[in-house]
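So you know, we letter chains A, B, ... as the sequences are listed, proteins then strands, and number each from 1.
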Amino acid sequence: MIALGTCHLTRRFGGFTAVDAVSFNLLPGARHALIGPNGAGKTTFVNLLSGALPASEGQVMLFGQDITHLPQHARVRAGLARTFQVNQLFPQFTPLESVTLAIGEREGQGATWWRGARHGAEAARLLDDLHFPEADRTRPTAELPYGRQRLLEIALALALKPRVLLLDEPAAGVPPAESREVMQAIAALPRDVAVLLIEHDMDLVFRFAERITVLAFGAVLADGEPDAIAKDPRVREAYLGTAEVAHG
Amino acid sequence: MITRRALALATTATLAAPRLVQAQSGNFRIGLILPMTGPFASTGRQVDAGIKAWLRRNGESVAGRRIEILLRDDTGTQPDVTRRLAQELVVRERVKALAGFGLTPLALAAAPIATEAKVPMVVMAAATSVIVQRSPFILRTSFTLPQATAPMAQWAAANGIRNVATLVTDFAPGLDAERAFKNRFTAAGGRIALELRTPLRNPDYAPFLQRVRDAAPEALFIFVPSGEGAALMKQFAERGLAQAGIRVIGTGDVLDDDILNEMGDVTLGAITSHHYSAAHDSAENRAFLESYAQVLPNVRPNFMAVGGFDGMHLIAEALKRTNGNDDGERLVAAAKGLSWTSPRGPITIDANTRDIVQDIYIRRAERRDGQIWNIEFDRIPQVRDEG
Amino acid sequence: MRIALHALPWLVAIGAYFAMPEQLPLLSAIAIAALFALSLDLLVGYAGFVTLGHAAFFGLGAYVAGILGQQGWGEPISGLLIAAAVAALLGLVTAPLVLRAGELAGLMVTLGLGLMLYEAANKAAFLTGGADGLQGVEIWPVFGAFRFDLWGRTAYLYSLAVLFVLFLLAQLLVRSPFGLSLRAIRENPKRAAAIGIPVKRRLAAAYVIAAAYAGVAGALLAQTTQFASLDALSFQRSAEGLLMLVLGGLGTLYGALIGAAAFTIAHHTLSEASPQFWQFWLGIALVALALLGRGGLMGALRRMTRR
Amino acid sequence: MTAFLSVLLDGFASGMLLFVLSVGLSVTLGLMNVVNLAHGAFGMVGGYVCVVLLNRMGVPFPLALAGATVAAGVLGLVLERTLYVRLYRRDHLEQVLFSIGLVFVLGAAVDWFMGARQQLIQLPDWLSGRVEFWGVGLGRYRIFLIAVCGALVAALHLGLVRTRFGAQLRAAVDDGVVARGMGLPVPRLFALTFTLGSALAGLGGALGVEVLGLDPTFPLKYMVYFLIVVAVGGTNTVIGPFVAALLLGIVDVLGKYYVPEVGAFIIYTAMVVLLLARPHGLLKRADA
Amino acid sequence: MADPLLFIENLSAGWGEGLVLEGISLRVEEGQALALLGRNGAGKTTLINTLMGIARQRGGAIRLAGTVLDRLAPERRATLGLGWVPQERAVFRSLTVAENLTAVARPGRWDEKAVYALFPRLAERRRNLGSQLSGGEQQMLAIGRALMLNPRLLLLDEPLEGLAPVIVQGLLFAIQRLVRDEGMAAILIEQHATQILPITDQAVILDRGRIVAKGASSQMLAEPALLERHLGLSLH
């Protein structure tokens, strides 16, 4: 069984092909990293998976179901959640409100209008699990330190109880002093969730990933175990430059 | 000086607490509701100045009561505001008469208040026939469109015009004018070649006039609200309708005295029928012009101003007849049947309909002493509304 | 303390009934304007969807209630409900068009639809009375007992009661998961979609609800004045509602009440003191407020209490 | 047929006038993302300056037009430097509040000095009356309008396409951040553009006195039209708003001529349809 | 002249509330080319954007030939001598090639002709719109555009990114000409260290917003282990 799979997934912007016929599989419970130089099409790929962008060609399958044409919110219902490379939070909401909202939507109560939001307790429990400091839970998100906002990104995704989780550079921009919480959270992700991690921090990638896919120029350059990837000459070239110059 | 003091008084009164108002109950308060801003502001300004001219001429005391005017702006486009202002003036300011009312919908909206509060409501500008029927407390000192229109139709028929296109603004007064013209003109054997209605707001007359030109009637009958005539006449000239042999006839609204002079030569020779021209030759009118010039220098009074002037006169005369008693029913009763010589000529408030009966003049726009005036050359005496 | 603070505006409103028995027509106008601003707040302030054509629903409500009253069904409360339903129906029909176009274009589509309805009402004179307004509206006493009187007592209490009930409902709404999701859409539509909120469907729901609210406000105006006219549908009406809301502060519900009261009172007082030039002073006030304050009067109030 | 051509040319003329009045709005919206609902007020000011120069001071018409242009431009510059500059980073709704307030203030101020009534001007003889070409009649003033506005459109287009200022302006609209990083003085460019837009509106207001009328309600009366031009035309070229203004003028006039019963319904419907078909403006593709 | 051309001391900066750079100190002398290396997300672009006044400077100091830049608007920095080649090129799409150059031109050695001499391809396409160019042409234009400012210091943000190898070689050659033959001072950002180390004098490696290595380019090129550790894929 494949948790999340793509088949010849392609996205073009005008004449430019950002994602070029990518076929890719994520297994249930996987710890999978997606890496590649800037402009390789990683974020576009994530946007195609989550439904933020429509695909030009190809298919996206979630546990055998074709979700290529489903809108974003329907994919979330089907068990696919994501975080964003640049924080996408609700600046005026408190973390507790944000997470409560996400849980409510998961439970299909988003259209309830006649009573207040429930699930506050579950939200608090989730934040507990992430070691989200008590004092920061009821402050507006915009006032929180950056690292804590990154943590909230993850919390919002987890609140959806996803079966597949896409983490887009979860540690990006977090000052070292605040990074511990984020790292802990990533390490403690539930084992039954398939995770796709897009990341530049190689420490994190190699610590986390059991499998790595390398994207370059919108296409899959390599795919395999971390050790093999680290030794792959094509990957070294993509990261360090052309071999000739290196020798010259 | 006197007016300024009255204004100052009015202002303090509005700012002061209601109790103070009661202490001044010796004053006879009139609630004047006019469009003082917005697209119809010039109507409000004219009526207001007409009233001030009357007060300046006749003093502010009538039958032992001091006249106090409370002016309110209803912007001319919001009938609910007119109604609310009327209600407030009656309830809070305890006015004993309502006056003004720039446009038909505004007057209609306020009519139930007059009925319920039993205060006279003097319509000084609005001109749809039906208004006076909406409340037994309504009196009118302006005019009605059928009243001004029918003589025009008659004159046209009598002067060899057989084939006419009509162009009116698409609201009640315009439709009144259209109907009145058509009825009288066809009854006299004329033919209506084309009937056009232009929107009340943002009209562009060019395409309508092009259609008139295509239809090639002998004359074009026009009614548009005060102020709009300028744009229409310019277009008329620019389209070359005159060269195409089409004459302009219409009600006096088109050649409003307020702007007639600036409208320029395009107006010369246009025939209109109306109840008042600033060029009316009488002692009363000369006196009126003089008082008016003291209130609003450099502006020529138009039929709106005379409506305000006469409306004020009507209220004052009624108050005199009741010996200063401000009971609404008695005031209305006293006003019924009143006759006097206004700056426009002899007028009467019909005892049954409470509407105005007045002479209608046929006028031609001519240049006299460097200025353009509507020169009256024919008169149909004591015309009633027939709408 | 908190409850007292929430009760304050309503106590003031009821107190005004006794303290200013001669100002009731103005107070009714404020209550109706507040309801209109409230309906805009639900859409603009909470869901973040700006419209320039909201008067379409206000005017439609006014004409529906007015025509009912004119055609012999003057029962006020059912009139309100029918007006709300018709306005909501129009909202439902137009929501897909408005949401399809996206931000600036969507804004202009609301404007265009509003103007179209205005023109339609103008042309349908047989039904609406055209430019002269709807004549001969007769509204029965509220509950068969309270006649709409000259002093405006019934009108005010009736309007205030409707405003109060709908305010409570709005409060329930904005605090519910549904309301929370609207705010979420305003704050970050991208994230909202990513946590499974069907953004367009929710916006459409907010649009329909706001339409119904505006319809009730319009119906109140028609019932209390026993009159309906084209200006209820005008662009000016839409713009004025937005001004009140921005003046009071968006997304607080109370901002709509305060903005409507402040704007109407300022307008009224200034135009009474200076019937010709009140717009000058009102304009100065708007410019100053836009330059000085963020978050409107509610924002200023909050900054004051925080200090 | 000749009637059709006559009416078509009328629509052409009023569309061009509309363009001159509203082009400034579209550029400022595109460049600084400022919603300036007071744009029409500059047109109004230009109109009144023209009336005063012409009627009270006896200045010849072309000079009065120039005076109106300069006056509105100067007013625009002063207001931009003192007030608008504080609102660039604000919410659109706050900009709406501000600019409506400004409309009120300017309208009342004009009323104070000039009164509320319609202002009229007497055109010089060479602009009055009508000429016929092959049976198609056209007012001289409309021809003048088409000529002046046409020259302006051409000048604006060439100015934007051929001059360095134009290139800098387009660069700033393309990407304001990078433009600043390349040393382009974007705030100053904007002040200049704002001035130019206001001046054009002033000229449009002056030219429009004869056709559109002039009173203190002018800015609000035509605001909807300006907004339509900008929304339908898009904000990244001069040609987009020009085409939109022409369409609007022609559809409006043809509609009034052939189906006067329907009135303004046609333009509003046309606008809604255009917006739904091309939400980003006439000349811009949805995905660009 | 104690002041170097560019002097950065203890700089911290970021976007909004996020802090990306901390404790950065750097100097670039006249005529010197500096390679700024680091993995994606290390903070290289943020550093350039902070120099340009676009990212938010939170602490520390930046001086260009003695002039304090800290609070200056981007356009002032550009006129003071920073020639920016932004990431992803960002040419003005609705301007022609020639207009892209002339719109920003400032007097000096570099004019349209000189740019066309450096990139003959641009001369052929001078009437085409920015939006009609290929990636490589856009990059040439972005560099040419920065040169038109006649800057004292060129800031090249990943000029080789996403381009085909043939084009990369051509661009490298042109950049080499600029810094070697023309003596143009420059900061060059690149992920692919081996491509730019040969044409620069000094190099700095950033990792997670801090400087983790510093030295002469030639020396660094001779230490593959160091590069591998900071830029490659291996574990620490």
Side-chain angles (χ1 to χ4, degrees), chain C residues 44-45 48 50 52-53 94 96-98 100-120 122-123 234-236 239-240 242-247 250 259 270 274 276-296 299, chain D residues 29 33 35 37-38 41 82-84 86-87 90-112 115-116 216-217 220 223-224 227-228 230-232 234-235 261-281 286:
Chain C
V44 183
V50 184
L52 285 178
T94 53
L97 294 178
V98 167
R100 195 192 119 107
E103 256 186 89
L104 176 66
L107 185 77
M108 294 303 295
V109 170
T110 60
L111 175 64
L113 292 173
L115 293 170
M116 280 162 81
L117 197 66
Y118 179 97
E119 283 306 319
N122 190 14
K123 290 294 167 196
S234 66
F235 171 61
Q236 275 81 350
E240 215 170 81
L242 268 183
L243 276 188
M244 289 177 190
L245 181 59
V246 180
L247 185 71
L250 289 108
L270 290 172
S274 167
Q276 290 193 32
F277 302 111
W278 58 271
Q279 287 186 336
F280 184 82
W281 303 110
L282 190 65
I284 293 277
L286 295 180
V287 167
L289 196 89
L291 288 174
L292 299 177
R294 282 166 193 253
Chain D
L29 188 69
N33 199 14
V35 180
L37 296 185
T82 53
L83 299 180
Y84 279 95
R86 294 159 204 271
L87 283 148
R90 296 293 192 80
D91 203 34
H92 277 175
L93 284 172
E94 277 176 325
Q95 294 168 355
V96 166
L97 193 69
F98 168 82
S99 51
I100 294 258
L102 199 61
V103 169
F104 280 1
V105 170
L106 289 176
V110 157
D111 188 348
W112 174 267
T217 64
L220 289 174
M223 181 159 75
V224 167
L227 288 176
I228 294 176
V230 173
V232 174
T235 55
E261 307 77 30
V262 187
F265 212 79
I266 296 181
I267 19 177
Y268 303 144
T269 315
M271 164 175 112
V272 169
V273 169
L274 275 175
L275 283 169
L276 289 175
R278 298 196 157 254
H280 298 276

Q: Check each atom of D:I228 against the heavy atoms of chain C and say whether the ones under 4.5 Å are side chain, backbone, both or neither.
A: both
Q) Given a strict heavy-atom distance threshold of 4.5 Å, which part of D:L29 is in contact with chain C: side chain, backbone, both, or neither? A) side chain
Q. Which region of C:L242, side chain (C-beta onward) or backbone (N, CA, C, O), has a non-hydrogen atom less than 4.5 Å from a non-hydrogen atom of chain D, or is it both or neither?
A. side chain
Q) Would D:W112 and C:F280 count as a side chain to side chain contact (heavy atoms under 4.5 Å, CB included) if you check the C-alpha gap in whole Å, the side-chain angles of each, and the deciding distance to 0.1 Å? A) CA-CA 10 Å; D:W112 174 267; C:F280 184 82; over 6 Å; no
Q: Measure C:V287 against the heavy atoms of chain D and call it side chain, backbone, both or neither at under 4.5 Å.
A: both
Q) Mind checking whether C:F235 and D:M223 have side chains closer than 4.5 Å, heavy atoms only? A) yes
Q | Most contacts with chain C, counted as non-hydrogen pairs under 4.5 angstrom, among D:L220, D:V103, D:I100 | A | D:I100
Q: Name the member of C:V109, C:N122, C:V50 that forms the most heavy-atom pairs with chain D at distances under 4.5 Å.
A: C:V109
Q | D:L87 vs C:L291 side-chain heavy atoms within contact, under 4.5 Å | A | yes
Q) Should D:Y268 and C:E119 count as side-chain neighbours, where that means a heavy-atom distance under 4.5 Å? A) yes
Q: List the atom of C:L113, the atom of D:V272, and the distance in Å for their closest heavy-atom pair.
A: N-CG2, 4.1 Å
Q) Below 4.5 Å, heavy atoms only, C-beta onward: do C:L286 and D:F104 meet side chain to side chain? A) yes
Q | chain C contact via D:L227 - which portion, at a heavy-atom distance below 4.5 Å | A | both
Q: Could you look at C:A288 and say if it's the side chain, the backbone, both or neither that has a heavy atom under 4.5 Å from chain D?
A: neither
Q | Minimum heavy-atom distance between D:F98 and C:A290, given as atom pair plus value | A | CB-CB, 3.5 Å
Q | Flag side-chain contact, heavy atom, 4.5 Å: D:T269 against C:M116 | A | yes
Q.
Please classify the contact of C:V44 with chain D as side chain, backbone, both or neither, using a heavy-atom distance under 4.5 Å.
A. side chain
Q. Can you list every pair that meets salt bridge (charged side-chain N to carboxylate O under 4.0 Å, His left out) and has a residue in residues 96-112 of chain D, with sequence neighbours left out?
A. B:R45-D:D111
(Q) Quick check against the 3.5 Å criterion: does D:R86 have a side-chain atom that pairs as donor or acceptor with the backbone of C:L292? (A) no
Q) Which value, rounded to the nearest 0.5 Å, describes the distance between D:L275 atom CG and C:L107 atom CG? A) 10.0 Å
**Q.** Test log, rule side chain to side chain contact (heavy atoms under 4.5 Å, CB included), inputs D:V96 and C:V246
**A.** CA-CA 9 Å; D:V96 166; C:V246 180; over 6 Å; no
Q: Using non-hydrogen atoms and a 4.5 Å limit, figure out which bit of C:L250 sits close to chain D: side chain, backbone, both or neither.
A: side chain
Q: Indicate the atoms forming the closest heavy-atom contact of C:L111 with D:M271, along with that distance.
A: C-CE, 4.3 Å
